[in-house]
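Inspection log for the structure reproduced underneath, given as structure tokens.
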Protein chains: 2
Amino acid sequence: MPNCSMSQLPESSVADVPAPHAERPRYRVVADELRRRILTDAIPPGQLLPSETALIDEFGVSRGTVREALALLRAEGLAITEHGRGTYARPVLPVRRLGSERYRREVAQLSRDGPPETSFTRDQGIRWSAYQLEREFREVPASAAVAELFDLAPGTMLLERQFLFRAHGVPQQMSTSCYPLDLVVGTPVADPANEPWPGGNIDQLHTLGITVTRIRERVRARMPLAGETEALRIPSGVPVLAVTRQTHTGDRVVEVAVDIVLPADRTELVYDIDL
Amino acid sequence: MPNCSMSQLPESSVADVPAPHAERPRYRVVADELRRRILTDAIPPGQLLPSETALIDEFGVSRGTVREALALLRAEGLAITEHGRGTYARPVLPVRRLGSERYRREVAQLSRDGPPETSFTRDQGIRWSAYQLEREFREVPASAAVAELFDLAPGTMLLERQFLFRAHGVPQQMSTSCYPLDLVVGTPVADPANEPWPGGNIDQLHTLGITVTRIRERVRARMPLAGETEALRIPSGVPVLAVTRQTHTGDRVVEVAVDIVLPADRTELVYDIDL
DNA sequence: CAGTGGTCTAGACCACGCT
DNA sequence: GCGTGGTCTAGACCACTGT
């Protein structure tokens with residue numbers, strides 16, 4: 001009975017005021033329904049979602065609300081939007097599988113007969129003709145973080161090598177790899193023209209008389225930085241895998257890759273642990 | 001002086017029309033400046049950003065524009081917002097390091113003297129008293145995907161075990177792990193009351209007379225699903241690491257964890273590759 | 001050109017956290 | 001109660017993609 005008087009309230013007019021969101025906010029209702037359609041394959045990967053105008057009509061909400069719902073789906077990695085075209089259910093991309101076998105020299109040796117390979121062209125059958133490598137070499141003093149990974153004094157001079165790797169025209173990976181400068185200065189390894197080096201880092205070190213005995217990789221994930229979003233063409237809602245690699249000879253660290261950045265929608269890392 | 005003629009333009013009135021965005025959109029200008037402050041530590045982790053009202057005044061834009069800028073920073077994982085309080089520079093969380101040593105039985109044995117440990121309590125010194133485990137066991141037929149990971153026929157009955165793992169009250173991990181039902185039915189392993197099992201899966205299998213020889217982990221990253229965001233209390237802009245694990249005895253797969261889900265802002269996976 | 005999304009404004013009211 | 005962010009509307013104009 002306390003509510004009997006409710007209907008008598010002078011509610012300005014009728015639906016003049018945006019109804020209060022006592023329950024789930026409207027943009028969530030829209031997002032939930034679209035998410036359902038995507039996850040149940042009612043809208044299969046790659047297919048267009050209804051246009052903003054259509055959603056305004058279907059749900060009876062304003063454009064701002066529709067756009068908020070779509071922004072949520074993008075942040076969840078379920079949809080991508082292209083200006084002038086529309087919003088799509090996120091297509092499933094072919095996955096690049098990176099196994100730890102890629103570091104074994106025997107595998108590298110085998111590929112000598114065919115096209116050049118490195119630790120990141122294996123596991124996918126990418127051919128020499130299908131990938132490009134942009135690189136830039138510099139001599140820099142070790143930062144505190146890198147020095148710690150090398151177990152060297154900060155300021156020790158390093159050869160820093162930055163790579164951007166494309167396969168089939170699509171950027172697949174950025175990385176920064178460092179050697180202690182005194183290890184490589186004056187050798188073919190220090191010459192950018194020799195990249196990509198068949199057999200990769202492990203073979204490079206082998207030509208310097210160094211046999212790699214262990215590699216340690218630390219894997220994290222995060223959202224891409226601004227530069228990475230552009231360079232790797234990462235759509236919103238897609239994280240990156242960030243791998244830090246230490247290459248060991250016995251207890252000595254002879255190479256460090258600070259941040260191997262891989263778009264997570266196209267990459268799987270595979271590790272075997274033998275017990 | 002270059003602006004003298006400006007005031008003579010018949011610009012309808014004065015600032016009546018939102019200036020066209022010939023260059024960078026305004027919300028990006030706001031976001032770029034705030035990002036700069038965060039990354040240069042002008043606003044250190046955990047500290048409040050200016051309020052929306054303050055940003056409206058500082059940049060002379062509308063509230064919608066300010067909110068769009070903040071949404072961008074959240075999506076980049078740089079800021080988190082709390083209703084009624086404000087927006088903070090994202091605090092740096094203590095990282096849980098998960099090394100592959102955690103699977104070695106010798107390590108598990110060592111911990112027998114102290115509090116119970118599993119493969120996911122090691123590497124962090126978490127004590128029995130500091131973590132809780134929620135679990136739910138079910139008997140289910142293998143889906144096509146799981147059957148393939150086991151190399152078994154789809155429909156084979158499995159014991160499916162779901163876990164939610166908390167440390168210090170904070171949810172740290174969700175996972176679903178499966179054993180072939182005929183392997184464990186009627187044994188202590190099939191009893192949820194025995195979890196957490198000291199020494200973890202590897203020790204469980206050992207009591208069944210099975211010695212694990214190899215573990216394969218496949219690591220991917222993605223944005224969390226709706227349920228994961230709630231269960232693991234993941235703020236927006238933080239991805240999850242999704243690990244698929246196969247536990248081998250020789251060539252036989254005796255355990256599969258379909259999706260070990262780890263919040264990426266609190267986790268680092270470490271793998272050693274011996275060559 | 002029409003249709004799509006991108007940017008921006010002004011104003012309204014609701015809900016949370018504090019003091 | 002005040003200040004914070006959360007939700008929503010209505011309308012405007014810009015910019016891209018197609019025919």
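Each chain gets a letter, A, B and so on, in the order the sequences are listed, and its residues count up from 1.
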Can you sort out the partners of [X] under side chain to side chain donor-acceptor pair (under 3.5 Å), two or more places apart, ordered by chain and number?
{"X": "B:Glu148", "value": "none"}
{"X": "B:Arg35", "value": "B:Asp32, B:Glu76"}
{"X": "A:Arg28", "value": "none"}
{"X": "A:Ser175", "value": "none"}

Query raised in the report: Which of residues 42-56 of chain B sit near DNA chain D, with a heavy atom under 4.0 Å from it?
Result: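 Going residue by residue through residues 42-56 of chain B, the ones with a heavy atom under 4.0 Å of DNA chain D turn out to be B:Ser51, B:Glu52, B:Thr53.
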Report task. Could you list by number each residue of residues 62-69 of chain B showing a heavy-atom separation from DNA chain D of less than 4.0 Å, or answer none if no residue does? Result ->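 Heavy-atom contacts with DNA chain D come from B:Arg63, B:Arg67.
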Report summary line: Applying the Watson-Crick and G-U criteria (both distances under 3.5 angstrom) with [ ] for crossing and | for other-strand pairs, one obtains for DNA chain D |||||||||||||||||..
Query raised in the report: Does A:Arg85 have a side-chain nitrogen or oxygen under 4.0 Å from the phosphate oxygens OP1 or OP2 of C:dG5?
Result: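 For A:Arg85, the contact criterion (side-chain N or O under 4.0 Å from OP1 or OP2 of C:dG5) is not met.
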Query raised in the report: Taking only residues two or more places apart in sequence, or in another chain, which ones meet A:Phe163 in a ring pair (Phe, Tyr, Trp, His ring centres under 6.0 Å)?
Result: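 With neighbours one apart ignored, the set is empty.
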Return a table of donor-acceptor pairs under 3.5 angstrom between the side chains of residues 226-234 of chain B and protein atoms on other chains or two or more places apart.
{"unit_1": "B:Glu228", "atom_1": "OE1", "unit_2": "B:Arg222", "atom_2": "NH1", "d": "2.9"}
{"unit_1": "B:Glu228", "atom_1": "OE1", "unit_2": "B:Leu225", "atom_2": "N", "d": "2.8"}
{"unit_1": "B:Glu228", "atom_1": "OE2", "unit_2": "B:Arg222", "atom_2": "NH2", "d": "3.1"}
{"unit_1": "B:Thr229", "atom_1": "OG1", "unit_2": "B:Leu225", "atom_2": "O", "d": "3.0"}

Query raised in the report: If you look only at pairs with a residue in residues 52-64 of chain B, which of them pass as a salt bridge (charged side-chain N to carboxylate O under 4.0 Å, His left out), with sequence neighbours excluded?
Result: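 Checked against salt bridge (charged side-chain N to carboxylate O under 4.0 Å, His left out) - neighbours excluded - the pairs reaching residues 52-64 of chain B are B:Arg37-B:Glu58, B:Glu52-B:Arg63, B:Glu52-B:Arg67.
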Query raised in the report: Residues two or more places apart in sequence or in another chain: which of them pass salt bridge (charged side-chain N to carboxylate O under 4.0 Å, His left out) with A:Arg90?
Result: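 Per chain and number, A:Arg90 pairs via salt bridge (charged side-chain N to carboxylate O under 4.0 Å, His left out) with no residue.
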Requested in this report: Give me the residues of residues 76-84 of chain B where at least one heavy atom lies under 4.0 Å from an atom of DNA chain C, by number, or none.
Outcome: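 Residues of residues 76-84 of chain B under 4.0 Å from DNA chain C: B:His83, B:Gly84.
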